[in-house]
Every structure is written in structure tokens, then in C-alpha cells.
Amino acid sequence: MTRAARALPEGFDPVTLEVIRMRLDSIVEEMGIAMIRSSGSPVITEAGDFNTALFDPTGRIYAYSDYVQFHIGSGSVAVQNLVKAIEGEQLSPGDAFICNDPHTAGASHPPDTNVISPIFHDGELIGWAQSQAHLVDVGGMTPGGFAPGAHDCYSEALRLPPGVKVFERGEPVEWVRRILLNNVRMPALFWNDVRSLVASNNTGIRRLLATVEEFGAERFREYTRHSFELAEQVVRDRIALIPDGTYTAEEWTEHNGHVDELYRVACTMTKRGTQVTFDFTGSSEQTDGFVNCSYGALVGSVASAVVPILAWDVPFNEGVMTAFDIVAEPGSLVNPRPPAPISNGHLTTGARVSRVVTKLMNEACRGSDAPAVRDRTQGSWADSWTGGISAGTTDDGEYFVLFNMDGGGTGAGAQPEADGLDCAGMMTQVNNMLPDVEMNEMLYPVLYLWKQLSTESAGHGAHRGGLGLRFAWTLHGAREVTQTVFAPSAQVTAEGFGGGLPGGGSGHEIWRGTDVRDAFAEGRVPTRDSLGADRRELLAVNQQSVTVRSGDVLVQWIAGGGGYGDPLLRDPRRVADDVRDGYVTAGTARSAYGVVVTDGALDGPATEHARAGIRRERLGTAPSLDVTAADAGASAPRRDADGWYVPASGARLGSGEDWHDLAHRHTWAAADRLAGHGVRVRPRTGGRRVLIDEFYSPACGTLLEARLRVSTEGADA
């Protein structure tokens with residue numbers, strides 16, 4: 001409030017500014033409530049896979065709801081492209097436009113469908129109401145809208161460009177409705193969800209018009225303009241606290257649906273003064289698989305990382321993104337052209353964009369003199385969606401499509417002050433929700449056998465990365481289904497920070513010919529350890545048209561977040577508690593943390609001996625300096641007037657631009673190295689290899705960084 005009072009011109013009231021700003025936030029939240037209460041889709045009602053927003057007449061964001069952040073990009077591009085597409089056309093109150101094409105309307109993928117409605121006050125266009133949600137089916141070659149087998153965008157879905165009017169003066173455009181429903185597998189559910197998006201917009205329109213009436217149109221415009229300026233000012237002030245420089249990083253998208261190749265997501269971040277540019281030049285060319293990321297999803301994925309790092313307490317509007325420029329080559333993996341397929345680009349390449357921006361911001365923020373900015377460093381989030389879509393006919397003859405929203409149970413990256421959240425969702429999912437088991441079992445012919453945290457998923461560290469989910473179900477009320485799966489973070493997983501280790505990956509198995517029916521008949525509860533099966537079939541990273549039959553069991557495990565700080569700096573008592581609580585096995589406590597737990601109790605002397613042994617093993621000799629500081633950030637190198645140093649011991653790492661050359665380094669195959677710490681990562685069987693480089697302080701043996709690296713084709717290092 002003090003900042004607003006200083007920045008506002010004379011005659012502007014900071015209280016009025018805040019009232020209008022909070023009113024707009026309340027309106028978009030109420031729009032979300034209207035959607036939830038009018039929709040019949042569990043994707044919306046149970047998992048919150050939607051967004052609501054208000055825009056000014058030119059497409060600048062007034063306010064945005066806290067559900068899915070990467071819709072910031074797809075929603076903004078959709079509104080801006082609509083404004084261009086219908087320029088000069090007659091608009092009326094009650095009109096609504098529908099679009100879902102990633103190439104022309106900015107959608108993150110075809111199921112994420114936008115409905116956009118104009119807002120008029122006294123005959124003048126004063127803004128747009130926008131609602132977007134994942135609709136269960138939008139046509140195309142596979143049920144559910146995800147098409148691993150697609151070679152072009154025409155196979156994926158019915159593509160709706162900007163400017164398709166679905167409601168006119170409050171009434172459905174009948175010929176448009178008929179075309180839409182003729183091209184989807186679940187027409188009743190589809191149309192009801194379209195109507196729920198319209199209802200959401202209508203709620204926003206009524207509330208915004210009441211606000212404009214209360215404050216006056218001109219006063220409303222002036223105060224929202226100043227809200228933009230103040231948000232931009234706060235973000236630019238924080239950017240100024242980051243050292244000027246050029247930072248580079250890369251991530252890798254796995255398996256395009258056809259071939260098990262790795263595709264590069266490269267980014268150079270240039271920070272000058274109060275402006276940041278993210279340049280994705282050098283990323284792979286677009287591919288003929290469904291992992292291409294639309295430009296709208298690219299913008300939203302950048303925002304998903306930037307907002308919590310630099311604008312964590314700033315009310316979101318257009319001003320937050322003004323300080324960031326995004327450069328992406330047309331025809332690349334992160335800005336594709338038709339006919340590139342795109343149905344899973346946001347959850348694969350888009351999520352990799354969020355991870356690469358997080359890594360860039362980690363490097364930049366670690367050099368800041370401001371503790372509030374330096375403490376925004378973190379382990380990477382698993383930031384992927386492990387998908388499972390089941391389609392078939394129940395024993396009662398009813399066709400269904402289950403898009404299982406349990407796929408959002410990914411682990412968050414560890415933080416400077418705490419472990420990462422378990423099953424937090426993607427970084428973009430501010431209000432991530434997981435469906436109730438009972439709800440899925442009531443709506444679909446599945447029966448869950450287990451749903452629990454995966455102890456093989458977390459990245460170990462002084463603060464541990466969040467655990468992912470693992471679960472299993474068998475059919476109950478259907479003979480067979482056709483299954484589509486995707487596990488985007490199976491081989492190249494979430495990195496830690498400052499010595500924290502990478503998290504585990506995702507995957508699917510089908511256990512064929514199980515004894516699940518016998519177990520129920522005998523009154524036994526099937527578990528991961530007790531359930532018998534003729535064989536366990538590991539599915540590809542991306543796969544479609546897989547048959548699951550009655551008596552089979554689908555098993556899914558989801559990726560975890562990266563750790564923060566050297567695991568040897570974690571309080572041994574916390575590790576012992578983790579063992580007792582089932583978060584970490586006794587073997588992992590010993591191998592990753594150097595903590596010895598005997599009969600559930602911490603063995604202090606044995607732990608000291610084990611940790612000393614690990615440090616000797618890292619260096620090949622006894623350390624020359626003792627570790628004196630044990631907080632989570634003590635292993636991340638910092639810089640002072642004399643150069644780089646290790647906070648854990650005070651050891652110096654030289655005065656050059658890069659400390660890595662003076663560190664002690666070991667390299668392993670990532671899957672093998674992490675398996676030794678009880679972390680599950682899918683090994684690569686050919687082509688590029690995924691390696692892990694571990695850098696240690698030569699003086700004290702502290703793990704300074706554990707960095708994943710993809711080798712050149714066929715090479716080991």
C-alpha cells in the first residue's frame with residue numbers, strides 16, 4: 001500500500017485502487033465457481049483444469065484466476081488473435097466465440113477450449129470475458145484429445161480458429177453446434193461444458209458491469225491502467241536486484257510418440273537493468289510427433305516459472321509480464337507451424353520450458369545480494385503430466401472416456417526452507433486437485449487397488465524433493481478398454497539445486513493375467529507386493545491403442561521433484577523420521593544421506609562414520625577442511641569480493657566466472673547412479689545417453705551440484 005501511495009499521481013486514492021483490483025480478482029474467482037457448478041466433467045469439477053480471466057478491449061489482462069498458469073499465455077493469445085480476426089465485424093451483447101486451435105488461436109492443445117465473450121457498457125466495448133477448460137474429447141484419432149500416433153495436426157482434433165461464433169445475442173448458433181457435436185465422441189458432455197464456459201463468462205460480465213457502474217467507466221480505466229504500471233514496477237525492481245549477465249541452460253523433451261529420441265529445449269536468458277529476454281534459439285526443429293509446443297503454451301510456460309520466482313506476491317495482470325521478452329524461431333519445437341502435431345506439447349516441451357526457466361533463474365538469483373531474491377532458488381519441479389486415458393464401453397452399453405486426473409500427482413522441487421510438496425502438481429497448477437478415488441470409481445468402470453506416495457520418486461537433498469503418486473486400478477464393469485499413456489519425465493528428470501539430487505521419473509506397466517479376482521474372492525487386499533501376475537508389460541514413454549482387459553491391472557507411477565542442498569547436510573534426525581514414516585528406506589538413508597538407522601533408531605556414531613566415508617569416497621582422499629555449516633543452502637557456491645566459496649566450509653573455488661573447473665567431478669549414467677539411491681529413472685537403451693555430473697568441493701567433499709547432461713549421439717561423455 002505504501003508503494004502504491006508513493007507511485008500514484010496526485011488525486012488517485014490507493015484504497016480505491018486496491019478495491020478495484022481485488023474486485024477484479026473476486027470476479028474471475030466467481031467465474032470459476034460458476035464453471036465448476038455448471039459443468040458435468042470431473043476434469044473441471046474434480047481437478048480444476050481450467051482458467052477464467054478478464055481482458056481490456058485490446059487483449060491486455062485485467063485479472064486472471066489461480067487455477068492453471070500456463071493458460072495465461074494461451075488465453076492471452078486467443079483473445080488477441082480473436083480481436084485481429086474479427087476486426088470490423090458487428091458484435092452484440094450475448095455473443096460468444098469458441099476456439100481451440102493451437103496454431104491459429106494459441107491454445108495449449110486442442111482439448112483446452114476457449115470461449116470468449118465481449119463486454120459492452122453503454123454500447124461501448126470495454127473488455128472481454130474469457131474462460132478456458134480441458135474438454136474430455138474434441139475428436140481426432142484417439143479418444144481424449146491426446147494423439148501419440150499423430151503425424152500432423154489434422155489427425156488430432158477438430159480445429160477451431162479464432163472468430164467462430166458459438167452464441168449470438170445469447171442464443172446458440174445452431175449450425176455451429178451441429179458441426180461441433182458431429183465431430184466429438186461425447187456430444188452431451190461436450191456441449192454441457194461449452195455452456196458452462198459461457199455461464200462463467202456471463203457471470204464475469206454481470207459482475208464487471210456492476211463494478212464499472214459503481215466507479216464510472218473513465219475512473220475504472222484509469223485505475224486499472226495504474227494497476228498495470230504498479231505491477232510492472234514491482235517486478236522490474238526485483239529484476240534490478242539480479243546481476244546483469246547472460247545465462248544459458250537446456251532441457252530435453254522425450255519421445256515424440258513415434259521414436260524414442262530426445263529433443264532439445266535451449267534458452268539463453270539475457271538480463272540488462274530491469275529487462276529480461278528469454279531466447280529459445282537453438283531449440284530443436286519441430287517434429288512430426290505430438291510434443292511440439294504452441295506459442296501460447298510457450299508464453300504460459302515462461303510465466304509459470306517467472307511468476308512464483310519474481311512476482312510471488314504481485315496481483316497478476318498485464319504489467320507482470322511486460323518486463324519479459326520471448327524470442328522463439330518459427331518452425332521450432334517451441335513455436336511450430338502447421339502441420340506440426342501439438343496435442344501434448346504443453347505437458348512435454350512446455351513443461352520443459354518451465355524447468356529450463358527455473359534453472360536459469362536459479363543461476364541468476366544465486367548471485368543476488370538481496371536475500372529475498374537469492375532465496376527464490378529451488379530444486380526443479382517434476383513439471384510433467386503422466387497421462388492415462390481410457391476409452392471403451394461399459395457392461396451396460398454406455399460409451400465412456402476417462403481422462404484420469406491423478407496424472408497431476410507430481411512432486412514439487414525442494415525449497416531453501418523446506419522439503420518439496422508431495423503430489424503438488426505442475427508448477428503451472430496453482431490450485432492443483434486430485435480426484436477422489438470414490439468419484440472415479442462411481443463415474444467410470446475402474447476399481448483402485450492402491451493409491452500412495454512413491455518412495456522411488458523424490459530427489460534427495462538437505463531438503464528433499466516432493467514425492468510423486470503411484471496407483472493401480474483394474475476394470476470393474478467393463479470387459480476391456482483402449483488405453484493411451486504418456487510419461488514425459490521418464491528419462492530426463494527434475495534436477496536439484498546446490499547439491500540436491502534429481503528426482504525420479506514416471507511410467508506405466510500393465511500387469512497381465514493377475515490374480516486380482518482370486519484375491520477379492522478370498523478376502524485378500526491386493527498390494528504391490530502380494531498381487532500375482534503372469535507378466536509385467538512396461539509401456540513406452542508415449543503409446544496409444546493399448547488394450548487393457550478385465551483381470552489386467554494398470555500401474556502408474558509419477559515423477560518427483562529435485563532436492564535442495566547436499567544430502568549429507570540433512571539433519572540425521574529428520575532422515576531417521578523419514579525412515580520411520582516410510583518416506584525413505586533404511587538403505588536409501590545409508591546410501592544417499594549417510595544416515596544409519598538401526599531398529600528404527602538413529603545411530604549417531606555410525607552416521608558420523610558413514611558420512612565421513614562418503615566424503616572420502618567422493619574425493620578419493622580425506623577432506624582437508626571440515627564442514628561447519630549445515631543449512632540447506634550451505635552447499636551452493638556463492639560469490640563475494642574474493643571470488644567463489646563454499647558456505648559449508650569456507651573453501652575457496654577461485655575468482656573466475658565459473659567455479660566448475662576447480663571442483664572435483666564424477667560422471668555416471670544417471671539411471672544407474674540414481675538407482676543406487678533408490679530413485680527410479682528409465683534407462684535409455686540407444687542413441688543419446690542421460691548422464692549425471694556431480695561436482696564436489698576439493699577441500700571438504702561437499703556436493704556442490706548434481707547436473708543432468710545429455711551426451712552427444714552414441715557417446716558416453
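Heads up: numbering here begins at 1 and tracks the sequence. Only heavy atoms go into these numbers, but all of them, side chains included; no hydrogens, no water, no symmetry mates. No experiment lies behind these values; they were computed from the predicted model shown.
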Next on the checklist: Please list all pairs meeting salt bridge (charged side-chain N to carboxylate O under 4.0 Å, His left out) that have one or both residues in residues 694-703, counting only residues at least two apart or in different chains.
Outcome noted: R673-E694

Checklist entry - Do M361 and L310 have side-chain heavy atoms sitting under 4.5 Å apart? => result yes

Checklist entry - So do V595 and R611 actually touch side chain to side chain, heavy atoms under 4.5 Å? => result yes

Item to check | R573 backbone acceptor or donor facing D571 side chain under 3.5 Å | outcome: yes

Checklist outcome for this item: OG1 of T702 to CZ of R615, rounded to nearest 0.5 Å, is 5.5 Å

Checklist outcome for this item: To the nearest 0.5 Å, atom OG of S457 lies from atom CD1 of I558 at 9.0 Å

Next on the checklist: Closer than 3.5 angstrom, by distance alone: can the side chain of S635 be matched with the main-chain N or O of D566 as a donor-acceptor pair?
Outcome noted: yes

Checklist entry - Is it true that E495 and R355 have a side-chain N and a carboxylate O under 4.0 angstrom from each other? => result no

Checklist entry - Strictly under 6.0 Å, is that where the ring centroids of H460 and Y593 end up? => result yes

Item to check | salt_bridge(E537, R535) N-O dist < 4.0 Å | outcome: yes

Checklist entry - Does the side chain to side chain donor-acceptor pair (under 3.5 Å) test come out yes or no for S591 and T588, once each step is laid out? => result CA-CA 5 Å; S591 64; T588 297; 4.9 Å; no

Item to check | Heavy-atom donor-acceptor pair, N362 side chain to Q378 backbone, under 3.5 Å | outcome: yes

Checklist entry - How about Y696 and H666: are their ring centres within less than 6.0 Å of each other? => result yes

Next on the checklist: If the threshold is 4.0 Å, N to carboxylate O, is there a salt bridge linking D534 and R512?
Outcome noted: no

Item to check | Pairwise side-chain contact, P502 with I692, heavy-atom cut-off 4.5 Å (strictly under) | outcome: yes

Checklist entry - Charged N to carboxylate O under 4.0 angstrom, R352 versus E250? => result no

Checklist entry - Can you find a heavy atom in the side chain of P416 that is under 4.5 Å from one in the side chain of T377? => result yes

Checklist entry - Should E285 and L333 count as side-chain neighbours, where that means a heavy-atom distance under 4.5 Å? => result no

Checklist entry - Does the side chain of V710 reach to within under 4.5 Å of the side chain of R689, using non-hydrogen atoms? => result no

Next on the checklist: I'd like to know if R688 pairs up with D260 as an ion pair, taking the criterion as any Lys NZ or Arg NE/NH1/NH2 lying under 4.0 Å from an Asp or Glu carboxylate oxygen.
Outcome noted: no

Next on the checklist: salt bridge (charged side-chain N to carboxylate O under 4.0 Å, His left out), that's the test. Do E509 and R680 meet it? Break it down for me.
Outcome noted: CA-CA 14 Å; E509 287 180 342; R680 183 175 187 172; 3.6 Å; yes

Checklist outcome for this item: Contacts of H463 meeting ring-ring contact (aromatic ring centres under 6.0 Å, His included) (sequence neighbours excluded), chain-then-number -> none

Item to check | ring-ring contact (aromatic ring centres under 6.0 Å, His included) partners of W511, counting only residues at least two apart | outcome: W450

Item to check | Short side-chain to backbone donor-acceptor contact, Q556 and T386, under 3.5 Å | outcome: yes

Item to check | Carboxylate-amine/guanidinium contact D244 R272, below 4.0 Å | outcome: no

Checklist entry - Do R238's NZ or CZ and the ring of W312 fall within the cation-pi criteria of under 6.0 Å and 45°? => result yes

Checklist entry - Salt-bridged, D419 to R574, with N to O below 4.0 Å? => result yes

Item to check | Candidate pair D529 and T527, rule side chain to side chain donor-acceptor pair (under 3.5 Å), full reasoning | outcome: CA-CA 5 Å; D529 297 325; T527 67; 5.2 Å; no

Checklist entry - Between W659 and F695, how do the two ring planes meet: parallel, tilted or perpendicular, split at 30° and 60°? => result perpendicular

Checklist entry - Taking atom types as modelled and ignoring hydrogens, do the side chains of S380 and T358 form a donor-acceptor contact shorter than 3.5 angstrom? => result no

Item to check | Any donor-acceptor N/O pair, W473 side chain to V553 backbone, under 3.5 Å | outcome: no

Item to check | Test item: S301 side-chain N/O and G350 main-chain N/O as donor-acceptor pair under 3.5 Å | outcome: yes

Item to check | Exam field: side chain S368 to backbone A370, donor-acceptor pair closer than 3.5 Å | outcome: yes

Item to check | Full working for side chain to side chain donor-acceptor pair (under 3.5 Å) between Y645 and D640 | outcome: CA-CA 8 Å; Y645 70 99; D640 60 16; 5.3 Å; no

Item to check | Residue pair D406 / Y448, side-chain heavy-atom distance below 4.5 Å | outcome: yes

Next on the checklist: Under a 3.5 Å distance rule, please check whether R682 uses its side chain to pair with a backbone N or O of Q491 as donor and acceptor.
Outcome noted: no

Next on the checklist: Quick test of your reading of the model: are R366 and E363 salt-bridged, counting only N-O distances below 4.0 Å?
Outcome noted: yes

Checklist entry - Taking C-beta and beyond as the side chain, do H664 and R618 meet within less than 4.5 Å on heavy atoms? => result no

Item to check | Check: G532 main-chain N/O paired with D515 side-chain donor or acceptor under 3.5 Å | outcome: yes

